[in-house]
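One structure below.
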2 protein chains.
Amino acid sequence: MNAAAPQGYDPHAFEPFAVTVDLAVFTVRESRLHVLLVERGEDPYKGHWALPGGFVLPSESAGTAARRELAEETGLTEDTVPSLHLEQLGTYSEPDRDPRMRVVSVAYAALVPDLPEPRGGGDAASAQWWDAGRLGTLAFDHDLILADARARIGAKLEYTCLATAFCPPEFTLGELQQVYETVWGVELDRPNFRRKVLATPGFVQAVEGPPRRTGGRGKPAALHRAGAATALHPPLLRPEGRST
Amino acid sequence: MNAAAPQGYDPHAFEPFAVTVDLAVFTVRESRLHVLLVERGEDPYKGHWALPGGFVLPSESAGTAARRELAEETGLTEDTVPSLHLEQLGTYSEPDRDPRMRVVSVAYAALVPDLPEPRGGGDAASAQWWDAGRLGTLAFDHDLILADARARIGAKLEYTCLATAFCPPEFTLGELQQVYETVWGVELDRPNFRRKVLATPGFVQAVEGPPRRTGGRGKPAALHRAGAATALHPPLLRPEGRST
DNA sequence: GCCTTTATAGTCAGAGTGACTATTAAGGAG
DNA sequence: CTCCTTAATAGTCACTCTGACTATAAAGGC
């Protein structure tokens, strides 16, 4: 049995699907990984929390739709969003994943710095940050998507410079280390982390001048910006085993 | 502008899409990376070569459809296919990627050992292996998909035990090294490669008994099987830079 | 001033790797 | 049968990177 001759299909013989995007938007707040969720107002799963998302419009690619949804849900202006890291995770297509109809969803993971509060331009009045470690059961297959997203992000921190996406434009190495410790759920040795980051060309660049960090106690830290590099070579491996 | 209230969509307000799967099926033949392609018999791109693929049926997930197509195109029996490595690459959804209609395609990469010849059970009479290094322009956005697939496979060889998927059930370390060299396009030092593979628990396991490889000249090599491990820790990094 | 906290500098041993050299065991040519 | 070639396997050595520490510097709180 075959759906059609290879690529030589009849334009009228296709099955209609709805295509949506779902977003796993992560941030680090108070040393905890947080995810942006929206509360469902209708059945199915009324009252449950779900990943934000929506339909892919006829004129959009899935990536464009994801970026649009991200802007709406976070309340960020359209000119801030392009700088955010948005990454396609995978596509979820089990026939029964939505009880009402056949919906195929392209999942994206987004990494944002600690934002004020979600409510902004979008109509997602009930959007809210949740501690990713203390979640109940989400709607649809969003538990699975979220688990995949966390695994992917954790793995990507190992061999890319992605961690800076969680930080504000200027940050200290201590803050960057916090990102790793929070996402991986481990503690890292501070001098070793510092040595590794500084030894990787293009990971971070020191901000000139004597400006230093205020706020807490202890010696002020030098500020850094994200560098031009995207890959980490050799990688910064997690203490224990791996995932993937 | 928003496609719908977050997840609270009207079942009738969706846009219809066709959903297909495209497969990048790789193998290593004669020290060259090969891809399985099919020739298009109809416009658009009539006469061009394309990745095999087809529609996702109403009762299937994309993964199920990909596995079905893989069985059809390679002519492998249904009971062999489950053991093959099949991995979701990503979803391609540019609005104009198919000139006839809106088609969203979920791409998969498959790794198979060197098979006799594709033609088998399927109706893909024109399926054929092509040297991945000497390809013309493919139909649709399949050049992009194929490039992404090669990048993904190359990266995965670094930190997973995936290379054994290209090998027959029993193989020599030299054959395994060939896989790395072919996919990465580099030469590796034989003793070092051997040391690394044997030092990774669960990567390969020696086949008992004195049986040894016949065929070529030179000292016979011990045979191995794929081990239980899936991750490579620490990774086997490519000599030069990275991709991703 | 003294203690606490955090940033930064530096040390040292062990694991892992790249670049080699050496040895063993086959087939093929004379 | 030998010698030569080829490929597998064993072993060496230096260098890099990392984990585990120790030490110093610079802030705030008391």
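Naming: A, B, ... by sequence-line order, numbering from 1 per chain.
- Between A/L37 atom CG and A/H48 atom NE2 the span is 12.5 Å, to the nearest 0.5 Å.
- Comparing B/P191 and B/G218 along DNA chain C, the residue whose closest nucleotide (by nearest heavy atom) sits nearer the 5' end is B/P191.
- Contact between B/L86 and B/R67 at its shortest, heavy atoms only, is CB-NH2, 3.5 Å.
- Looking at the side chain of B/A222, the nearest of the listed nucleotides D/dC21, D/dT9, C/dA7 is D/dT9.
- For A/P220, the side-chain atoms get nearest to D/dA27 when compared with the rest of D/dA20, C/dT8, D/dA27.
- Residue whose closest nucleotide on DNA chain D sits further toward the 5' end, between A/K219 and B/E175: B/E175.
- Between B/R238 atom CZ and C/dG16 atom P there is a gap of 22 Å when expressed in whole angstrom units.
- The distance from atom CZ of B/R217 to atom P of D/dC3 is 20 Å, rounded to the nearest whole Å.
- For the helix from C/dG1-D/dC30 to C/dG30-D/dC1, the end axes, each set by the C1' atoms of five terminal pairs, are bent relative to each other by 0° (nearest 10°).
- Taking atom CG on A/L188 and atom P on D/dA20, their separation rounds to 11 Å, with Å as the unit.
- With rounding to the nearest 0.5 angstrom, the CZ atom of A/R150 is 7.0 Å from the CZ atom of A/F26.
- Ranking D/dA25, C/dG18, D/dT9 by closeness to the B/N192 side chain, first place goes to C/dG18.
- Considering OG1 of A/T160 and CD of A/E87, their distance stands at 8.0 Å, rounded to 0.5 Å.
- In this structure, B/K196 reaches the C/dT17 phosphate: one of its side-chain N or O atoms is under 4.0 Å from OP1 or OP2.
- By the 30° and 60° cut-offs, the orientation of the rings of A/F140 relative to A/H142 is tilted.
- Relative to the side chain of B/R195, the nucleotides D/dC21, C/dC20, C/dT17 differ in distance, and C/dT17 lies closest.
- Residues B/D148 and B/Y92 bring a donor and an acceptor atom of their side chains to less than 3.5 Å of each other.
- For A/Q177 and C/dA7, the CD to P distance is 8 Å, given to the nearest whole Å.
- Rounding to whole angstrom units, CG of residue B/L237 and P of C/dT17 are separated by 8 Å.
- Computed from coordinates, the B/L176 CG to D/dA8 P distance equals 12 Å when rounded to whole Å.
- Position along DNA chain D of the nearest nucleotide to A/D189 versus B/G174 favours B/G174 as the more 5'-ward residue.
- The side chain of A/R194 contributes an N or O atom lying less than 4.0 Å from OP1 or OP2 of C/dA9.
- Atom pair A/F193:CZ and C/dA7:P shows a separation of 12 Å (rounding to whole Å applied).
- Separation of atoms CH2 (B/W129) and OG1 (B/T74) is listed at 7.5 Å; rounding is to 0.5 Å.
- Going from atom OH of A/Y159 over to atom P of D/dC17 covers 21 Å, rounded to whole Å.
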